[in-house]
Amino acid sequence: MPDARPRALFISDLHLQPSHPRTSAAFFDFLERRATAAQELYVLGDLFEYWAGDDDLAAPFHQQVTAALRRVSDAGVALYWIAGNRDFLVGPGFAAATGATLLAEPHVASVGGQRIALLHGDAECTDDVGYMEFRAMVRQPAWQAQFLAMPLAQRQAIIAGLRQNSREQQGGKSYEIMDVTPQAVADVFARTGTSVMIHGHTHRPALHVVGATRRYVLPDWECDVDGPRGGWIAVDADGNVTRHGLDGAILG
């Protein structure tokens with residue numbers, strides 16, 4: 001008999017952290033009730049608020065998250081991971097703990113007969129020159145090796161400072177600068193030979209149709225405030241793409 005489960009689910013930008021328990025609870029509920037009913041789950045970056053290295057896997061909160069993801073992969077769901085700007089230091093230790101396959105971006109997934117370009121989205125915010133310079137630096141293997149050689153506590157302190165600096169800088173930037181640029185998006189479509197794209201990062205969920213291309217932007221998750229938000233994208237066995245809110249309702 002054919003597999004009747006949803007073909008694939010896509011999430012990003014949950015920014016999980018111990019201080020946001022309702023967001024974590026919503027994520028665990030999603031994994032248990034939604035993800036285990038799918039054939040594939042793609043996490044497109046920034047699952048965590050930050051990741052200082054795989055030697056932080058022993059932290060109780062990280063153990064809780066990785067155990068929940070492991071239950072999904074143990075249930076027969078193929079779990080895929082693309083790094084975000086907050087958790088690009090996720091490595092083979094995390095992959096082994098969760099059963100995830102780490103993907104480079106952009107990745108082209110074949111889902112329901114469609115070829116879909118998958119990415120986090122930060123590399124396409126090319127108008128944010130300062131961030132692009134920072135990104136180029138921290139994605140270099142030599143920089144990462146030097147950083148990961150530091151004691152964990154030191155790395156966590158540095159990351160806390162970077163996060164504070166990022167919040168201060170974002171206050172002075174326009175939404176347009178922090179969004180993907182049309183040219184960068186067009187370049188991804190051309191480079192991958194696709195006409196459908198799914199990404200996160202910008203926290204501006206939408207469907208953008210330009211000519212023959214469709215670009216789906218995932219929502220961020222925040223349930224520890226009034227008016228909780230979040231959701232996912234699903235692709236069925238026939239390649240139909242739907243956007244879903246936290247309650248599972250299909251969005252327009």
Side-chain angles (χ1 to χ4, degrees), residues 2-3 5-13 35 38-47 73 77-88 90-92 95 100-129 131-133 135-136 138-141 176-220 231-244 250-252:
D3 196 331
R5 294 181 296 172
R7 187 68 172 83
L9 300 179
F10 303 82
I11 58 172
S12 72
D13 298 279
Q39 296 180 44
E40 300 171 349
L41 173 62
Y42 291 84
V43 181
L44 302 187
D46 286 1
L47 178 66
S73 59
V77 181
L79 176 61
Y80 299 101
W81 172 281
I82 285 179
N85 55 297
R86 300 298 188 100
D87 49 20
F88 59 86
V90 157
T101 299
L102 307 184
L103 304 174
E105 65 172 335
H107 175 78
V108 178
S110 295
V111 184
Q114 291 217 61
R115 297 178 68 255
I116 305 175
L118 305 177
L119 51 151
H120 179 57
D122 61 321
E124 286 62 49
C125 298
T126 52
D127 280 348
D128 192 346
V129 176
Y131 171 72
M132 295 302 293
E133 292 175 347
R135 187 185 191 278
V138 301
R139 294 303 181 102
Q140 293 177 4
E176 288 72 25
I177 287 178
M178 294 187 291
D179 203 354
V180 299
T181 63
Q183 186 59 57
V185 169
D187 289 345
V188 173
F189 277 130
R191 190 161 70 250
T192 59
T194 59
S195 60
V196 180
M197 179 187 300
I198 299 175
H199 72 84
H201 180 63
T202 63
H203 300 190
R204 303 175 74 178
L207 166 59
H208 301 272
V209 179
V210 178
T213 66
R214 290 177 289 145
R215 177 170 64 92
Y216 295 86
V217 186
L218 286 158
D220 66 315
W232 60 90
I233 286 173
V235 180
D236 67 17
D238 295 321
N240 300 306
V241 183
T242 49
R243 300 166 56 227
H244 297 258
I250 295 178
L251 306 176

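Side-chain atoms are counted along with the backbone in the values below, which use heavy atoms only and exclude waters and symmetry mates.
- Side-chain contact between Ile11 and Leu218 is absent, with no heavy-atom pair separated by less than 4.5 Å.
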Got a list of side-chain donor-acceptor pairs under 3.5 Å for residues 107-117, not counting sequence neighbours?
unit_1	atom_1	unit_2	atom_2	d
Gln114	OE1	Arg214	NH2	3.2
Gln114	NE2	Gly239	O	2.5
Arg115	NH1	Thr192	O	3.4
Arg115	NH1	Gly193	O	3.0
Arg115	NH2	Thr192	O	3.3

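- Taking each heavy atom of Leu47 and Val43 in turn, the nearest pair found is CB-CG1, 4.0 Å.
- Residue Pro106 comes nearest to Val188 through the heavy atom pair CB-CG1, 4.3 Å, listed as atom of the first residue, atom of the second, then distance.
- For the side-chain contact (heavy atoms from CB on, under 4.5 Å) test, residues two or more places apart in sequence or in another chain that qualify with His203 are Asp13, His15, Asp220.
- Checking side-chain atoms of Asp236 against main-chain N and O of Asp238 turns up a donor-acceptor pair under 3.5 Å.
- Between Leu207 and Arg215, the closest side-chain pair of non-hydrogen atoms is not below 4.5 Å.
- Under the rule for a ring pair (Phe, Tyr, Trp, His ring centres under 6.0 Å), the partners of Tyr80 that lie at least two apart in sequence or sit in another chain are Tyr42.
- Take Arg139 and apply the side-chain contact (heavy atoms from CB on, under 4.5 Å) test, not counting sequence neighbours, and it matches Phe88, Glu105, Asp122, Arg135, Gln144.
- For Asp127, the side-chain contact (heavy atoms from CB on, under 4.5 Å) test picks out Thr181, with sequence neighbours left out.
- A side-chain donor-acceptor contact under 3.5 Å links Asp46 to the backbone of Asn85.
- The backbone N or O of Ile233 lies less than 3.5 Å from no partner atom in the side chain of His244, so there is not a single donor-acceptor pair.
- Just one of Thr202, Leu119, Thr126 meets the side-chain contact (heavy atoms from CB on, under 4.5 Å) condition when paired with Val180; it is Thr202.
- Here CD1 of Ile82 is found 10.0 Å from NE2 of His120. Values are rounded to the nearest 0.5 Å.
- With contacts defined as side-chain heavy-atom distances shorter than 4.5 Å, the pair Val217/His199 qualifies.
- With sequence neighbours left out, the side-chain contact (heavy atoms from CB on, under 4.5 Å) criterion links Leu102 to Trp81, Val90, Ala95.
- In plain terms, the two heavy atoms of Leu41 and Ala35 that are nearest each other are CD2-CB, 4.0 Å.
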